Amino acid sequence: QKGINSGQYDNGNLCWNRHESGLDFPMRKFMYGFLSPYIKNSKNKAILDIGCGIGWLLQEANKFKARIAEGVEPSKRNVKVAKKYFSDINIYCTDFESFVADKIYDNIYCIMVLSHIWDFENFFKKCFQIMNYGGKLLIIVPDYNYFKNTRPGYKMEFTYYDNCYSVNIESEKGELSQIVRKKHIY
């Protein structure tokens, strides 16, 4: 259950020391490499980023003249940072399950978020209910073995289930939990 607890991102012992805006953060550059063809095609489109963090991807969509660039982010701390860097972006501070859309979107992004979603059926139903016909749902999930690699300075505890595992990751920056599933589950 820890992996789906959106409150873990506001945990006082979790130190987010990488709040750089834009593509300054290496992982964002990496993700942008995959997403840039879609981002560059954002002109006049309504974009929703589920689990948008501080909103950097939405800011990139705005650079390419997105009609609407909005995010859903459960972390109060991330939303506060987003408002500091990107005041022109609307971010709803809630989890996706509780999010009530008042519009239809052309593209929905879900980057490294499905590892925090338990009920896929309802997740996908909701995405398709708020997406235009012909819209795009772009999803990036971690590789099944991603967290199994040893990392200096990190303590990892695993719990294994039939087609997935949960991992609790502790480091000097704090503690996070993820659910990692085999790709056929998605």
Side-chain angles (χ1 to χ4, degrees), residues 1-20 25-35 48-58 71-82 91-101 108-131 136-186:
Q1 290 294 342
K2 275 178 101 174
I4 59 173
N5 177 5
S6 59
Q8 70 177 320
Y9 289 98
D10 287 325
N11 187 340
N13 72 355
L14 183 61
C15 176
W16 289 103
N17 62 357
R18 302 298 258 162
H19 284 309
E20 299 95 338
F25 190 45
M27 183 57 101
R28 292 184 194 139
K29 284 183 184 178
F30 178 75
M31 293 296 176
Y32 188 74
F34 292 104
L35 298 168
L48 179 68
D49 187 1
I50 301 168
C52 67
I54 66 164
W56 69 272
L57 193 57
L58 296 167
V72 175
E73 172 56 47
S75 168
K76 292 175 184 140
R77 285 171 33 176
N78 281 347
V79 171
K80 183 177 178 182
V81 171
I91 297 179
Y92 300 95
C93 189
T94 187
D95 58 39
F96 186 63
E97 291 84 2
S98 304
F99 174 63
V100 178
I108 298 176
Y109 304 135
C110 181
I111 312 306
M112 303 301 276
V113 171
L114 281 185
S115 57
H116 301 291
I117 302 291
W118 189 254
D119 187 347
F120 286 148
E121 186 175 342
N122 282 329
F123 173 83
F124 285 112
K125 277 183 187 176
K126 188 169 192 171
C127 285
F128 288 111
Q129 288 171 350
I130 63 173
M131 188 169 49
K136 294 191 179 357
L137 174 60
L138 297 138
I139 298 172
I140 296 178
V141 295
D143 176 75
Y144 187 73
N145 292 313
Y146 175 76
F147 291 105
K148 293 182 180 181
N149 297 322
T150 305
R151 292 175 174 83
Y154 289 83
K155 177 184 173 194
M156 298 188 180
E157 295 178 7
F158 298 91
T159 306
Y160 291 92
Y161 306 96
D162 286 339
N163 291 305
C164 66
Y165 65 88
S166 66
V167 57
N168 191 59
I169 307 159
E170 291 181 41
S171 75
E172 63 196 26
K173 297 174 187 173
E175 180 179 334
L176 283 176
S177 295
Q178 304 270 332
I179 301 168
V180 184
R181 298 169 176 96
K182 292 184 177 178
K183 68 180 179 181
H184 76 275
I185 299 299
Y186 296 114

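These figures come from a predicted structure and were not determined experimentally. Counting begins at 1 with the first residue of the sequence.
Taking each heavy atom of F34 and I140 in turn, the nearest pair found is CB-CD1, 4.4 Å. In terms of heavy atoms, M112 sits closest to V141 at SD-C, 3.9 Å. Between G51 and V113, the closest heavy-atom pair is CA-CG2, 3.8 Å. Contact between G71 and L58 at its shortest, heavy atoms only, is N-CD1, 3.5 Å.
Counting non-hydrogen atoms of other residues, nucleotides and ligands closer than 6.0 Å to CZ of F158 gives a total above 12.
Within the model, atoms CD1 of I50 and CG of L138 stand 10.5 Å from one another, a figure rounded to the nearest 0.5 Å. In this structure, CG on L48 lies 5.5 Å from CD1 on I108, to the nearest 0.5 angstrom. If you take CD on E73 and CD1 on I91, they are separated by 7.5 Å, rounding to the nearest 0.5 Å. In this structure, the separation between CZ on F96 and CG on L114 is 10.0 Å, given to the nearest 0.5 Å. Note that CG of L57 and SG of C52 are 9.0 Å apart. Values are rounded to the nearest 0.5 Å.
A cation-pi arrangement is not found for K126 relative to F99, the charged atom failing to lie both closer than 6.0 Å to the ring centre and inside a 45° cone about the ring normal.
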Query raised in the report: Going through the checks in order, is the side chain to side chain contact (heavy atoms under 4.5 Å, CB included) test met by V72 and T94?
Result: CA-CA 6 Å; V72 175; T94 187; 4.1 Å; yes
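Counting heavy atoms from C-beta outward, F124 and I139 have side chains that approach closer than 4.5 Å.
Side chain of K76 to backbone of C93: no donor-acceptor contact under 3.5 angstrom is found.
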